[in-house]
Amino acid sequence: MSAVNYDPRYPSVFDLKQKAKKQIPSFAFDYVDGGIDDEKGKQRNRNAFHDIELIPRYLTDVSSVDISTEIFGKHYAIPFGVPPIGLGNMMWPGAEAALAQACQKSSIPYILSTFSTTQLEEIAQIAPDVCWFQLYMPNDIEVMKDIIRRVKCAGFNALVITLDIPVGAKRNREIKNGLKLPFRLTPNIIWQSIIHPVWAIQTLRHGQPDFVNVLPYRKDTDNDGLAQFITSFTQHGVTPERLKMVRELWDGPLILKGIQCKKDAKLAIRHGIDGIIVSNHGGRQLDAAPSSVDSLRQLPESAHKNLTIMLDSGIRTGLDVVRAKALGAQMGFSGRSFFYGMGALGTGGANQVIEIFRDEITRSLQQLGCLSFSKMDSSWINQ
Ligand SMILES: Cc1cc2nc3c(=O)[nH]c(=O)nc-3n(C[C@H](O)[C@H](O)[C@H](O)COP(=O)(O)O)c2cc1C
């Protein structure tokens, strides 16, 4: 049996979420927790996991199970990682460096966002064995080339291109909270900071979070303000031509994130992509999008044969990671879980979330009578 090494007051991601909601300002909580429109897509992601039933096989000695996985020639201790989260240090100051540290220690992937608030070079030093970089495709080809050069130089292990933000999202909670770029101290934000002094003091100590990885590309002639610069930074829809260019510039593992349709999966194979993350951005972009689980079910056989398949959007338990594996995903990611953890417990929350998942994945496999994560497949599903 695995040793459980977490704060027993918060044994699940749900418990961390409840605590985070009280602990941090509502604008920071809503930024992470919110979805788009009616937030039905976010709920659909969860429901789809609940609907996957797995049939246990007893009469097996399960005293030892192997939950490690190997992808892109690297060994990871747990088949679970941190997906890219922009503005990570706003939810909890120092979150990105703490996450990178926790992932390196536990040997799980950490994907740094283009719109992160810590220098990519610093993260690569903290997590040399497990850091991946997520690219929002810049409009400017020279900027794209420079970022890829920096990512390569820093030693990132994989490059992830996000496809599912052809346009910025209109998220109602953020609009109502007055969350704008650059941050303005509105009466609501000031009040929220006063009533959450621990968060406010930590934030003052760390300084205001900024888009440090892309700000160097802001030209003196960009007079339209930070918000406009960030909005116009990325392409409105990643084009196949750009994929071709990136494939020529980057010879390491190349991953597309946000795949939801068969045609895109087939295009990925044609462009020499190594892996995909099936994702609907956690229900933050299109409320009508299918759940990530349904998108995974729809992938063509050729995707399973030719691509390393991973999944995020809706994962909240170790059992969900096992369920995703039963459908063919080698690795699961969960964005909000980690930020609920940090919102609840500060930077120590990263380890708490990893331990919760390590324990739940192990116990789920033991309960199912499956001795190795790599052996979990569709034969366990109650069809
Ligand atoms: C607050 C927040 C910021 C995010 N920022 C990014 C980002 O910068 N780049 C990206 O590719 N995905 C981003 N995502 C999407 C996550 O990488 C991931 O797809 C999503 O969180 C998965 O859903 P889950 O939170 O339900 O696990 C963000 C998600 C959240 C919640």
Side-chain angles (χ1 to χ4, degrees), residues 13-14 16-17 20 24 27-36 39-49 80-92 95-96 99 109-118 120 123 132-138 147 158-166 168-169 171 173-174 177 179 181 209 211-214 230 233-234 238 255-260 276-286 289 291-293 295-296 310-318 320-321 324 329 331-343 353 357:
V13 168
F14 179 75
L16 290 168
K17 177 178 169 178
I24 59 170
F27 62 84
F29 180 80
D30 282 343
Y31 167 64
V32 163
D33 187 57
I36 194 158
E39 304 194 356
K40 299 289 184 212
K42 187 182 140 196
Q43 193 53 47
R44 201 175 301 123
N45 284 334
R46 281 303 300 137
N47 294 346
F49 276 107
F80 173 67
V82 183
I85 300 284
L87 270 176
N89 292 351
M90 183 183 74
M91 180 81 172
W92 192 266
E96 290 159 356
L99 280 169
Y110 175 59
I111 313 182
L112 185 74
S113 164
T114 305
F115 291 151
S116 60
T117 37
T118 313
L120 65 92
I123 294 295
W132 301 5
F133 187 82
Q134 175 263 327
L135 183 71
Y136 278 131
M137 188 60 75
I147 294 180
L159 183 63
V160 179
I161 300 175
T162 295
L163 304 181
D164 56 13
I165 305 216
R171 298 192 194 109
R173 292 204 221 179
E174 289 171 20
N177 284 327
L179 200 58
L181 295 172
F211 299 102
V212 290
N213 288 304
V214 297
I230 293 296
F233 181 83
T234 50
V238 177
I255 298 157
L256 297 185
K257 173 173 182 282
I259 295 275
Q260 294 170 54
I276 57 174
I277 303 179
V278 176
S279 165
N280 57 30
H281 219 98
R284 292 167 67 82
Q285 289 299 119
L286 177 70
S291 69
S292 53
V293 160
S295 299
L296 176 59
M310 296 163 279
L311 175 139
D312 75 23
S313 298
I315 290 180
R316 295 291 178 273
T317 68
D320 295 336
V321 177
M331 172 79 72
F333 293 89
S334 179
R336 292 187 180 92
S337 298
F338 279 98
F339 282 81
Y340 295 147
M342 298 213 147
V353 173
F357 275 85

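Residue numbers count from 1 along this sequence. Note that the coordinates shown come from a computational prediction; the quantities given were computed from them, not determined experimentally. Indexing begins at 1, ligand by ligand and atom by atom, following the structure's order.
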Kindly indicate whether the side chain of Asp320, heavy atoms from C-beta on, has any atom under 4.5 Å from the side chain of Arg46.
-> yes
For ligand 1, which atoms have a heavy atom of Gly282 less than 4.0 angstrom away?
-> 20 (C), 22 (C), 23 (O)
So, are Arg284 and Asp164 salt-bridged, with charged N and O less than 4.0 Å apart?
-> no
Among Gln285, Met91, Arg284, Arg336, the residue with a heavy atom nearest to atom 1 (C) of ligand 1 is Arg284
Side chain, backbone, both or neither: which part of Gln134 comes within less than 4.0 Å of ligand 1 when only heavy atoms are counted?
-> side chain
Is a salt bridge present between Lys17 and Asp33, judged by a nitrogen-to-oxygen distance below 4.0 Å?
-> yes
Can a non-hydrogen atom of Tyr31 be found less than 4.0 Å from any atom of ligand 1?
-> yes
Nearest-contact summary for atom 6 (C) of ligand 1 - protein heavy atom, Å = Pro84 O, 3.2 Å
of all protein heavy atoms, closest to atom 26 (O) of ligand 1 is Arg316 NH2, 2.9 Å
At a 4.0 Å cut-off, with the gap strictly under it, does some heavy atom of Ile85 reach an atom of ligand 1?
-> yes
Does Thr162 reach ligand 1 with a nitrogen or oxygen that is under 3.5 Å from one of the ligand's nitrogen or oxygen atoms?
-> yes
Report yes if some N/O of Phe115 lies less than 3.5 Å from some N/O of ligand 1; otherwise report no.
-> no
Phe357 ring center near Phe338 ring center (under 6.0 Å) = no
4.5 Å side-chain heavy-atom contact, Arg336 and Val13 | no
So for Ser279 against ligand 1, with non-hydrogen atoms under 4.0 Å, the contacting part is side chain
Indicate the ring-plane relationship of Tyr136 and His281, choosing parallel, tilted or perpendicular according to the 30° and 60° boundaries.
-> parallel
Quick one: which ligand 1 atoms are inside 4.0 Å of a heavy atom on Gly86?
-> 3 (C), 4 (C), 5 (N), 6 (C), 7 (C), 8 (O)
When Ile123, Ile147, Ile111 are each screened for side-chain contact (heavy atoms from CB on, under 4.5 Å) with Phe133, the one that passes is Ile147
For the pair Glu96 (side chain) and Thr118 (backbone), establish whether a donor and an acceptor sit closer than 3.5 Å, ignoring hydrogens and angles.
-> yes
Got the closest protein heavy atom to atom 19 (O) of ligand 1, with its distance?
-> Asp312 OD2, 2.7 Å
Taking the side chain as every heavy atom from C-beta outward, state whether Thr234 and Phe115 have any pair of such atoms under 4.5 Å apart.
-> yes
Can you pull out the closest protein heavy atom to atom 27 (O) of ligand 1? Residue, atom name and distance to 0.1 Å, please.
-> Gly335 N, 3.0 Å
Quick one: look up the protein heavy atom nearest atom 12 (N) of ligand 1 and list residue, atom name and how far away it is.
-> Lys257 NZ, 3.0 Å
Taking atom 9 (N) of ligand 1 as the reference point, the nearest protein heavy atom with its distance = Tyr136 OH, 2.7 Å
Closest to atom 8 (O) of ligand 1 by heavy-atom distance, out of Gly35, Ser113, Ser116, is Ser113
Which one holds for Lys42 and ligand 1: side chain close, backbone close, both close, or neither close, with close meaning a heavy atom under 4.0 Å?
-> neither
Going by the side-chain contact (heavy atoms from CB on, under 4.5 Å) test, name the single residue among Ile277, Leu256, Ile276 that passes it with Leu163.
-> Leu256
Provide the number and element of each atom of ligand 1 under 4.0 Å from a heavy atom of Ser334.
-> 27 (O)
Considering all heavy atoms, the nearest Pro84-Leu112 contact | CB-C, 4.3 Å
